[in-house]
Amino acid sequence: MEKQVLVFTPFPLDSLQGNTVSALRIARLLRQAGVPARAIDVIPGPETVAATALIALHACRSVAAMEEFAQRFPGRPRHLLLPGSDLFRCLPEGDPRPLPAMEAADSLVVANEALVACVPGQLRDKLHVIPKSLATEVPHWAPVDGRFRVIVVAHLRAQKDPLLAARAVALLADIEELELEHVGAEVEEGCAVRIRECVRRDPRCHWLGQLPHHETVARAAASHVLLNTSLMEGGANALCEALHIGMPVVATDIVGNVGMLGEDHPGLFPVGDAGALADLLRRARNDSTFLAQLASCSRERARLFTPEHETRGWLELLGGSF
């Protein structure tokens, strides 16, 4: 029976949820480094696999899975990767759900240094920073001619503030060649109705729904700006992809985004501020030097989030457990 590191996502393995994307990436990186690993969405029985360690994503949603793993594979280490919903919604609001998993875990992991302060002080002695990366190659930035395309890659849910982009575009009515594309599935009921209304009012706005990953990446690389409007974020996969594409990024100045983009990133704007966002988009469209500066920032930051760095982090964390 093969020994394996199990990487658990609380969402189905065929979903495009960020946790599943990350679980598949981590398992793939470990296999490429010679460590037997696989992503799972159900804890298997000991009769089917000799689990050497568990990497679980999302404290709130992985409590039961971590308990089940401990019962089936006693004494094996359990590592917990914390997403933005744990760090910025549950913990600050006093939600007790993430604490049992965080306290039970042998180690806690966050995706960038800026997130360290979000973890309760009494738990930081077992905290590790492992930067996320890409497991596949992405195209280089090559924006389309004739339009100024802004793309948002995020599922439709409240914490992504999915209508902010359309509100900002409405403030730029004089820029006829502006085009906003939003890629992402509706994961909270009611969001699709509201975004369809935005599209109906402004033909420059388009909601494309969920697309295959390769198509999403290609559309991003052909856009002028990637926009992240999130209220909370632990380190968006789409943002990491944009850095490696080398494309300009405009994003909310939340901790997770700042941790990936840098505190001095010139494309940051206050959460929920459609006016400030509109000003940045107008500047990016009118000022080629500013657009080039944003692209340069992405290329520079991409060096921090490489497969080599992420793989090294997981191998050091796992130690000899595999």
Look at the side-chain heavy atoms of Ile, Leu, Val, Met, Phe, Trp and Tyr, link any pair under 4.5 Å apart, and say whether [X] and [Y] land in one connected group.
| X | Y | result |
| --- | --- | --- |
| Phe11 | Phe69 | no |
| Leu315 | Ile130 | yes |
| Leu108 | Val255 | yes |
| Val271 | Leu239 | no |
| Leu163 | Ile254 | no |

Between [Y] and [X], is there a side-chain heavy-atom distance shorter than 4.5 Å?
| X | Y | answer |
| --- | --- | --- |
| Val7 | Leu57 | yes |
| Pro44 | Leu6 | yes |
| Leu294 | Val250 | yes |
| Val258 | His265 | no |
| Lys126 | Leu123 | yes |
| Gln32 | Thr311 | no |
| Leu231 | Lys160 | no |
| Trp207 | Val183 | no |

Regarding [X] and [Y], does a basic nitrogen lie under 4.0 Å from an acidic carboxylate oxygen?
| X | Y | answer |
| --- | --- | --- |
| Arg149 | Glu179 | yes |
| Arg200 | Glu197 | yes |
| Asp273 | Arg167 | no |
| Arg204 | Glu177 | no |
| Arg312 | Glu308 | no |

I'd like to know if the side chain of [X] reaches the main chain of [Y], judged simply by a donor and an acceptor atom lying under 3.5 Å from each other, with no hydrogens or angles considered.
| X | Y | result |
| --- | --- | --- |
| His182 | Ala154 | yes |
| Thr229 | Asp161 | yes |
| Arg124 | Ala117 | yes |
| Ser62 | Ala56 | no |
| Ser22 | Gly18 | yes |
| Lys3 | Val49 | no |
| Arg31 | Ala37 | yes |
| Lys132 | Glu310 | no |
| Arg78 | Ala70 | no |

Considering residues at least two apart in sequence or located in another chain, which fulfil the ring pair (Phe, Tyr, Trp, His ring centres under 6.0 Å) criterion with His224?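 Here the qualifying residues are Phe148.
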
Please say which of Val63, Leu127, Leu82 ends up in a side chain to side chain contact (heavy atoms under 4.5 Å, CB included) with Met102.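 Checked Val63, Leu127, Leu82 against Met102; only one passes side chain to side chain contact (heavy atoms under 4.5 Å, CB included): Leu82.
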
Do you see a donor-acceptor pair shorter than 3.5 Å between the side chains of [X] and [Y]?
| X | Y | value |
| --- | --- | --- |
| Arg61 | Asn19 | no |
| Ser133 | Thr306 | no |
| Thr9 | Asp41 | no |
| His128 | Ser107 | no |

Quick check: closest heavy atoms across Thr20 and Pro12, and the distance to 0.1 Å? OG1-O, 3.1 Å

Between CZ on residue Arg285 and CG on residue Leu291, distance to nearest 0.5 Å: 12.0 Å

